[in-house]
Number of protein chains: 2
Amino acid sequence: MPTISKEDYIKTIFNFHNEDGLPVTTSKIANKLEVTNSAISEMAKKLAMEGYLDYSKYKGMNLTRSGEKVAMQILRRHRLWELFLIEVLGLSWDEVHDEAEKLEHSTSDSLIDKIDEYLGFPKFDPHGSPIPQRNGILPKIPKSIPLTDCEVGNSYSIVRVNDSDNELMAYLLKIGLVLSSSLFLSDRLSFDNSITIKLADATYSLSEKVAEQIFVAEEIL
Amino acid sequence: MPTISKEDYIKTIFNFHNEDGLPVTTSKIANKLEVTNSAISEMAKKLAMEGYLDYSKYKGMNLTRSGEKVAMQILRRHRLWELFLIEVLGLSWDEVHDEAEKLEHSTSDSLIDKIDEYLGFPKFDPHGSPIPQRNGILPKIPKSIPLTDCEVGNSYSIVRVNDSDNELMAYLLKIGLVLSSSLFLSDRLSFDNSITIKLADATYSLSEKVAEQIFVAEEIL
DNA sequence: TTATGATGTTAAGCATGCTTAACTTTGTCT
DNA sequence: AGACAAAGTTAAGCATGCTTAACATCATAA
């Protein structure tokens, strides 16, 4: 059993790898976990020794099969807890991430299976991310593209939002940018790649950084 | 905020003090937490410095007001989780203790308040122990006596069971010794203070150690 | 192609929370 | 009282996971 720290490293590596398929760099993880690069280098060696990582100096990290298995367990716990907290206990979109972040390290397999059953074996969490099943398999996700890659002048519906930051979630919730809502992409500034969207008759400007977190599908008219 | 370790120390000290009102000894805690006496001595110094304990060498420990406040928080989290796991997720009497033991260290005040509300602000947990309220006040418990102090020839109803050991809980559940069931105390061996009880037409012998964990009220006939 | 800044790694050191081993205090039995 | 065992404490050392500071490698622009 990995420690809480190691679980966090493995989860973070999985998430980054999942974004672009590239080996994950030291700085990315350090930045995310709010520790120094040197902590990452050290831990990378340990995780590699324990068989969770393929790692060669200066070349970044990739999870092994064994590491991926652990990642699936953690994502399963995290995402089921998020859904449970919203559906059953009435927490809001922006509250659940931090709570799940803690609970995911304190939940036995048998408890998480009970929660899964209680929720009716859901396939997606409240942010549209797929929930790994008991067997470790990740449900197929609907085709989606980041808002940064969309064409000005088209309408899209929200399929998934990265739940990395709770302030962002609170903002998106406030303006009504939630799962399955529709938006119209009205403009993009090439200066900073910020975009302008129309959402329920209001207009908002979103930075590139924000737009990157939002995944949409083309609206079927 | 105390660490997980410190929370465990504070909780354990509270529980022992609650049993007999005496200053809690090093060995008792060491035995319960499965660490050596020296670990307890060290931690006692730290907790005293941080204001959670009154402690003078060789004399045992008592919680301060501040320590008691922390103890109430932890007990609240533990007992609400136990009830929630049984009532909502269908875990059994013997499974909940270990799960709650982990969850109690990973639950924010706001989440535990939501759980409290969901359960309708219950006063007692599944083992009959009082659940500290949001303001830190412990509900009054019904008058009860340990089975070790009962008179042979009388009938009693189960009011509370110490949930310290899950094997014990599984056994008690198996023989039907659960909250509010009735038993008849038919014998006590002065040799080892073991007792014989009648429960739903079956007869069982319980060691003194087991009897100490069971609290009853005289049956009103 | 080489200098330079960014990125990554190593080394030394620290806090936490544990261990074992040596030592101290306490309480009890005679 | 005083000796002896049980209980408690201290000291030294270890693993984990972090830090800062020094050093190594990489990537790219002149």
Side-chain angles (χ1 to χ4, degrees), chain A residues 1-14 16-17 19-63 67 70-71 74 101-102 104-106, chain B residues 1-14 16-17 19-63 67 70-71 74 101-102 104-106:
Chain A
M1 266 308 119
T3 62
I4 291 178
S5 248
K6 286 176 182 174
E7 287 189 350
D8 279 333
Y9 278 86
I10 290 170
K11 181 184 60 172
T12 305
I13 294 167
F14 178 89
F16 280 125
H17 183 79
E19 276 177 16
D20 55 17
L22 299 172
V24 182
T25 65
T26 303
S27 314
K28 268 191 174 178
I29 306 170
N31 191 49
K32 180 75 175 181
L33 298 183
E34 303 187 273
V35 296
T36 59
N37 280 11
S38 69
I40 310 298
S41 279
E42 276 191 354
M43 188 61 97
K45 276 192 283 185
K46 287 183 202 163
L47 290 174
M49 278 219 309
E50 290 166 34
Y52 298 118
L53 289 188
D54 286 329
Y55 169 59
S56 59
K57 281 204 242 174
Y58 299 103
K59 304 292 180 194
M61 302 153 224
N62 287 292
L63 291 180
V70 172
I74 305 166
E101 202 74 6
K102 291 180 281 176
E104 69 189 4
H105 302 298
S106 313
Chain B
M1 265 309 117
T3 62
I4 291 179
S5 248
K6 287 175 181 174
E7 288 190 347
D8 280 333
Y9 278 86
I10 290 171
K11 180 184 63 174
T12 305
I13 293 168
F14 178 90
F16 279 126
H17 183 76
E19 275 177 16
D20 55 16
L22 300 171
V24 182
T25 64
T26 303
S27 315
K28 267 191 174 179
I29 307 170
N31 191 49
K32 180 74 176 183
L33 297 183
E34 301 187 276
V35 298
T36 60
N37 279 12
S38 70
I40 309 299
S41 280
E42 275 193 355
M43 188 60 96
K45 277 191 284 186
K46 286 183 204 167
L47 290 175
M49 279 220 309
E50 290 167 32
Y52 299 118
L53 287 189
D54 285 329
Y55 168 60
S56 59
K57 281 203 239 174
Y58 300 104
K59 303 293 182 192
M61 302 153 224
N62 287 292
L63 292 181
V70 173
I74 305 166
E101 202 74 9
K102 289 179 282 176
E104 69 188 4
H105 302 298
S106 313

Notebook entry, point to check: Shortest non-hydrogen contact from B:G67 to B:I10?
Noted result: O-CG2, 3.5 Å
Notebook entry, point to check: Near DNA chain D, which residues from residues 3-10 of chain B have a heavy atom under 4.0 Å away?
Noted result: none
Margin query: Applying side-chain hydrogen bond (donor to acceptor under 3.5 Å, both in side chains), can you list everything that pairs with A:S56, at least two apart in sequence or on another chain?
Written below: none
Check: Whole Å only: how far is the CG atom of A:L33 from the P atom of D:dC18?
Finding: 8 Å
Next item on the list: Would you indicate whether the side-chain heavy atoms of B:Y52 and B:I13 approach each other to under 4.5 Å?
Entry: no
Margin query: What is the distance, to the nearest angstrom, from the NZ atom on A:K46 to the C1' atom on C:dT9?
Written below: 14 Å
Checklist line | Rounded distance (Å) that lies between atom C1' of D:dA7 and atom CG of B:N31 | finding: 13 Å
Next item on the list: Output the single nucleotide from D:dG17, C:dC18, C:dT9 whose closest atom is nearest the side chain of B:A39.
Entry: C:dC18
Item checked: salt bridge (charged side-chain N to carboxylate O under 4.0 Å, His left out) evaluation trace for A:K45 with A:E50 -> CA-CA 9 Å; A:K45 276 192 283 185; A:E50 290 166 34; over 6 Å; no
Checklist line | Distance test, side-chain N/O of B:S38 to OP1/OP2 of C:dT19, below 4.0 Å | finding: no
Margin query: Between B:D20 and B:K28, does any NZ, NE, NH1 or NH2 come within less than 4.0 Å of an OD or OE carboxylate oxygen?
Written below: yes
Margin query: Rounded to whole Å, please give me the gap between NZ in A:K45 and P in C:dA11.
Written below: 7 Å
Notebook entry, point to check: Quick one: B:E42 CD to D:dT9 C1', roughly how many Å, whole number?
Noted result: 10 Å
Note to self: Working to the nearest 0.5 angstrom, can you tell me the gap between A:T12 OG1 and A:I40 CD1?
What the structure shows: 8.0 Å
Notebook entry, point to check: Which residues, if any, of residues 50-59 of chain A bring a heavy atom under 4.0 Å of DNA chain D?
Noted result: A:Y58, A:K59
Next item on the list: Can you tell me the distance, in whole Å, between the CG atom of A:N37 and the P atom of C:dT10?
Entry: 13 Å
Check: Would you say B:H17's side chain and B:L22's backbone share a donor-acceptor pair under 3.5 angstrom?
Finding: yes
Notebook entry, point to check: NA contact type, A:T26, heavy-atom cut-off 4.0 Å: base, sugar-phosphate, or nothing?
Noted result: sugar-phosphate
Checklist line | Spacing between B:I29 atom CD1 and D:dA7 atom P, to the nearest angstrom | finding: 15 Å
Note to self: Can you measure B:I40 atom CD1 to C:dT20 atom P for me and round it to whole angstrom units?
What the structure shows: 14 Å
Margin query: Assess, by modelled atom type and distance only, whether the side chains of A:S5 and A:T3 contain a donor and an acceptor separated by less than 3.5 Å.
Written below: no
Notebook entry, point to check: Should the pair B:K59-B:D54 be classified as a salt bridge under the 4.0 Å nitrogen-to-oxygen rule?
Noted result: no
